[in-house]
Structure formats: C-alpha cells, structure tokens
Amino acid sequence: MKIVTLVLVVFVILSTSFPATIVKAADTGDTGDTGDTGNVGVTCDARQLQPCLAAITGGGQPSGACCAKLTEQQSCLCGFAKNPAFAQYISSPNARKVLVACGVAYPTC
C-alpha cells in the first residue's frame, strides 16, 4: 500500500511539474493521419486522466469518469507515451487493461 501511495504522490508531483497541455490541431482530412481520432480541438492534459490513476497503479476496474476521460484524451495518448514523465504509466500492463476495459485502442505511435 505504501508503494501505491508513493507512486500516486510521484505522479501528482510530476504531472504538475511537467504540464503536458497541447491543443490538438484541427483534422486536415489527411487519411494517412492515424494518430487523430476526430477529436478536433482537444486539449491534451495528462492531469485530466487522474480519475484513472488508481486503476492504472492498483490494477482495479476503471470508473466511468476514467473511461470518459480516456476516450476524450485518446488522440493525446501517443504524446503522453513519448513524455518521460508519463511513459511508464501509459506503457504499463495495468494501463493496457484499463484501455481494454474502457474500449479505447492502445496507441500505436
């Protein structure tokens, strides 16, 4: 339990220290763009995924709020995965389970 608390504290500190806020550009209609799911003007903000933290770090079932945020931020997951502050969370086995449970495709970056 102490490890989960420590991971949670580190995640919160990192997410506030390195804000990953990026505004996704409008879809240009290019059919070769596989990273965008059609969410035009989505603000990529890793802090919005905090409802998922318990499920990702603890391996539990994701909440409805978590799934809603994952769906909203789906086009941003590759950017989060490339950010060293968040990569370990996005690439973890529990994150994959959460994505599957929420019906969100794992990003192929």
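All values below come from the heavy atoms of this structure, side chains included, with hydrogens, waters and symmetry mates left out. Numbering starts at 1 and runs along the sequence shown.
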**Prompt:** Which distance, rounded to the nearest 0.5 Å, do you find between the NZ of K69 and the CZ of R47?
**Reply:** 12.0 Å
**Message:** Let me confirm one number: the CG-CD distance from N83 to Q88, rounded to the nearest 0.5 Å.
**Reply:** 11.0 Å
**Item:** Taking every non-hydrogen atom, the tightest pair across C66 and V98
**Value:** SG-CG1, 3.9 Å
**Request:** For S91, enumerate each residue passing the side-chain contact (heavy atoms from CB on, under 4.5 Å) test, keeping only those at least two apart in sequence or located in another chain.
**Result:** Y106
**Asked** Are side-chain heavy atoms of F86 and L49 found at a separation under 4.5 Å?
**Response** no
**Request:** Mind checking side-chain contact (heavy atoms from CB on, under 4.5 Å) for A65 and listing every partner two or more places apart, or none if nothing turns up?
**Result:** P51, S63
**Complete:** SG (C76) and CG (D45) are apart, to the nearest 0.5 Å, by 9.0 Å
**Asked** Do Q73 side-chain atoms and T43 backbone N/O form a donor-acceptor pair below 3.5 Å?
**Response** yes
**Test side-chain contact (heavy atoms from CB on, under 4.5 Å) applied to A81 - qualifying residues, sequence neighbours left out** = I90
**Residues that A68 engages under side-chain contact (heavy atoms from CB on, under 4.5 Å), provided they are two or more places apart** = none
**Message:** Minimum heavy-atom separation for K82 and C109, please, with both atom names.
**Reply:** CE-CB, 3.9 Å
**Message:** What's the separation between atom CD in E72 and atom SG in C44, rounded to the nearest 0.5 Å?
**Reply:** 9.5 Å
**Message:** Give me each pair satisfying salt bridge (charged side-chain N to carboxylate O under 4.0 Å, His left out) with a member in residues 95-108, each pair once, sequence neighbours excluded.
**Reply:** none
**Complete:** Interatomic distance, CD1@I56 vs CG@L99, rounded to 0.5 Å, equals 7.0 Å
